[in-house]
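The structure appears below as structure tokens.
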Amino acid sequence: MNEVISISDEKVMIGSEDGTAKEYPVSSLNYQGVRVGDKVKVYE
């Protein structure tokens, strides 16, 4: 499963199981209180 690896004011970096990472807007998450280490599913 993907994991949140860093958070800034407007962006969240999510690492994938294959070792890649991608940045997304914090507003694209569907829950409040996101934290580094959270396991997330990514749907594009």
Checklist entry - Closest approach of Glu3 and Gly37, non-hydrogen atoms and distance? => result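 Where Glu3 meets Gly37 most closely, the heavy atoms are OE2-CA, 3.5 Å.
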Checklist entry - What heavy-atom pair brings Val4 and Val40 nearest, and what distance separates the two atoms? => result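 In terms of heavy atoms, the two residues are closest at CG2-CG1, 4.1 Å.
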Checklist entry - How far does CG of Asn2 sit from OH of Tyr24, to the nearest 0.5 angstrom? => result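 These two atoms lie 7.0 Å from each other.
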Item to check | Spatial distance of atom CG (Asp38) from atom CD1 (Ile5) [nearest 0.5 Å] | outcome: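 Asp38 atom CG to Ile5 atom CD1 measures 13.0 Å (nearest 0.5 Å).
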Next on the checklist: Show me the pairs that pass salt bridge (Lys or Arg N to Asp or Glu O under 4.0 Å) and involve residues 4-14, at least two apart or across chains.
Outcome noted: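 Counting only pairs at least two positions apart or across chains, no salt bridge (Lys or Arg N to Asp or Glu O under 4.0 Å) contact touches residues 4-14.
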Next on the checklist: Applying salt bridge (Lys or Arg N to Asp or Glu O under 4.0 Å) as the test, list every pair that has at least one member in residues 19-33; sequence neighbours left out.
Outcome noted: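 Pairs touching residues 19-33 that pass the test: Lys22-Glu44.
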Checklist entry - Are Val12 and Val42 co-members of a hydrophobic cluster defined by side-chain heavy atoms under 4.5 Å apart? => result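 The answer is yes; both residues are in one hydrophobic cluster.
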